[in-house]
Amino acid sequence: MSAYKSDFLRTLEERGFIHQTSDASGLDELFRKETVTGYIGFDPTAPSLHAGGLIQIMMLHWMQKTGHRPIALMGGGTGMIGDPSFKDEARKLMTPDVIAGNIAGIKSVFANYLEFGAGPQDALMVDNAEWLMGINYVEFLRDVGRHFSVNRMLAFDSVKTRLDREQSLSFLEFNYMILQAYDFVELNKRYGCRLQMGGSDQWGNIINGIDLGHRMECPQLYALTSPLLTTSSGAKMGKSANGAVWLNADMLGAYEFWQYWRNSEDADVGRFLKLYTTLPLDEIARLAALGGAEINEAKKLLATEVTAMLHGRAAAEQASETARKTFEEGQTATDLPTITVAASELAAGIGLLALFVRAGLAGSNGEARRHVQGGAIKLNDAPVTDDKILVNTSYLNDDGVIKLSLGKKKHILVRPQ
């Protein structure tokens with residue numbers, strides 16, 4: 001039985017979201033007696049978040065679903081510096097134009113999980129550039145900087161790890177935690193925000209904000225962090241053999257996204273269903289208990305439900321059907337991921353190894369050659385043993401495409417243009 005009485009914290013605990021809280025009973029009581037505003041910050045380091053960030057988005061989702069107001073904070077100001085937490089070296093500095101472009105890309109995902117508006121429970125999207133870019137440096141040092149102890153900041157694990165490895169930590173980066181703490185105070189003043197959430201690596205930064213709020217006479221502020229997740233085999237969430245599992249459709253299609261979740265390890269199915277879907281817990285318990293071949297049906301359901309939340313139900317069902325046709329019926333489903341090549345280039349012929357590299361199924365010709373030698377490569381479902389094949393228009397099938405396959409689960413169509 002949950003130790004929490006509020007719907008929000010009980011839901012988060014039951015589904016595995018909670019790693020630490022700053023004052024569990026105080027936060028629980030706050031959620032029971034009023035509509036709480038809480039936020040999570042998102043760094044604009046790329047034009048899209050990846051699947052590793054979904055746990056944070058789902059926390060905001062459940063906050064709104066249980067009757068409270070979530071804020072998605074875009075780091076337009078702090079992105080000028082970059083979060084140094086647990087990084088071995090400084091992030092590459094981004095220009096304002098790059099940051100603005102990244103934020104525009106990141107924003108597109110949130111409407112699938114949150115309802116925005118002006119109501120008391122409607123989500124807000126805010127950019128900390130609104131207050132950080134206009135700061136007067138001397139006034140900021142006097143009014144905010146005086147509350148920070150360098151001794152205490154040096155004791156944070158995120159800083160100690162960097163210094164223990166004798167990696168330089170610039171004064172620019174050292175200011176990041178001050179600015180993040182100030183975000184919490186500013187959000188409290190502007191929107192009555194009482195809670196900051198984030199991954200467990202953000203604990204020190206969030207506690208800084210609570211301490212600053214206390215010193216600057218804010219109401220009691222609270223912290224809640226989620227565990228940093230890996231798969232059962234230790235792989236980092238949001239990463240695949242082909243790179244990051246992006247959330248934006250223009251960077252990773254619905255089918256590839258669906259496949260990432262379909263390929264989950266057996267031991268992760270129950271945990272992922274709790275964290276990344278809204279299925280009832282009793283249904284999740286039933287699915288997680290399946291064994292043998294039946295666990296594959298649970299994986300398909302996991303993939304479809306997670307994909308439906310991000311890309312819409314129609315796209316998720318189409319991805320599921322594409323996989324069924326490809327794997328169960330052996331058909332060339334025409335909505336598999338596709339690359340186009342110039343018709344003239346295909347007529348002249350493209351080397352097999354180069355084509356697999358271009359399709360993203362191998363990182364180099366050497367890697368593609370090893371796949372051929374290992375019997376993992378197929379053309380139009382026929383095994384390939386000769387790595388010197390020249391792929392040309394004679395390989396086009398009845399659908400006018402060439403199907404490239406690596407193993408049983410990775411397929412790309414080549415279409416002449």
Quick check: does any side chain N or O of [X] sit under 3.5 Å from a backbone N or O of [Y], one acting as donor and the other as acceptor?
X	Y	result
Ser264	Asp268	no
Thr307	Thr304	no
Asp28	Ser6	yes
Asp386	Lys388	yes
Arg415	Thr340	no
Gln64	Gln121	yes
Asn392	Gly349	no
Asn263	Tyr260	no
Glu265	Ser233	yes
Asp387	Val372	no

Apply salt bridge (Lys or Arg N to Asp or Glu O under 4.0 Å) to the pair Arg370 and Glu367, showing each step before the final yes or no.
CA-CA 5 Å; Arg370 289 191 292 274; Glu367 182 183 338; 5.2 Å; no
Heavy atoms only: give me the nearest Cys193-Asn188 pair and the separation to one decimal.
O-ND2, 2.9 Å
Can you list everything that forms a side-chain hydrogen bond (donor to acceptor under 3.5 Å, both in side chains) with Ser405? Sequence neighbours excluded, please.
His411
Mind checking what makes side-chain hydrogen bond (donor to acceptor under 3.5 Å, both in side chains) contact with Asn248, not counting sequence neighbours?
Ser48
Which pairs count as ring-ring contact (aromatic ring centres under 6.0 Å, His included) when at least one residue sits in residues 262-284, sequence neighbours excluded?
Trp261-Phe272, Trp261-Tyr276, Phe272-Tyr276
ring-ring contact (aromatic ring centres under 6.0 Å, His included) pairs, two or more places apart, involving residues 36-58
Tyr39-Phe184, Phe42-Phe110
Taking the six-membered ring for Trp, are the ring centroids of Phe356 and His371 within less than 6.0 Å of each other?
no
Could you walk me through whether Met58 and Thr278 pass the side chain to side chain contact (heavy atoms under 4.5 Å, CB included) test, one step at a time?
CA-CA 9 Å; Met58 289 300 294; Thr278 57; 4.3 Å; yes
Would Gln220 and Leu30 count as a side chain to side chain contact (heavy atoms under 4.5 Å, CB included) here? Give the steps.
CA-CA 10 Å; Gln220 179 63 53; Leu30 184 70; over 6 Å; no
Side chains of Gln180 and Asp183: any donor to acceptor distance under 3.5 Å?
no
Stepwise side chain to side chain contact (heavy atoms under 4.5 Å, CB included) test for Leu352 and Leu379
CA-CA 9 Å; Leu352 174 79; Leu379 276 177; 3.9 Å; yes
Pro280: side chain to side chain contact (heavy atoms under 4.5 Å, CB included) partners, not counting sequence neighbours
Asp282, Glu283
Checking Ala104 now: which residues fulfil side chain to side chain contact (heavy atoms under 4.5 Å, CB included) with it, not counting sequence neighbours?
none
Identified side-chain hydrogen bond (donor to acceptor under 3.5 Å, both in side chains) partner of Thr37 from the options Arg194, Arg69, Arg190, His68:
Arg69
Electrostatic pair Glu345:Arg358 at N-O distance under 4.0 angstrom:
yes
Within a radius of less than 6.0 Å around CD of Glu115, do more than 12 heavy atoms belonging to other residues, nucleotides or ligands occur?
no
When Leu73, Asn128, Asn175 are each screened for side-chain contact (heavy atoms from CB on, under 4.5 Å) with Thr78, the one that passes is Asn128
Can you check side chain to side chain contact (heavy atoms under 4.5 Å, CB included) on Val98 and Thr95, steps first, answer last?
CA-CA 5 Å; Val98 169; Thr95 66; 3.2 Å; yes
Would you say Trp131 and Val126 make side-chain contact, with heavy atoms under 4.5 Å?
yes
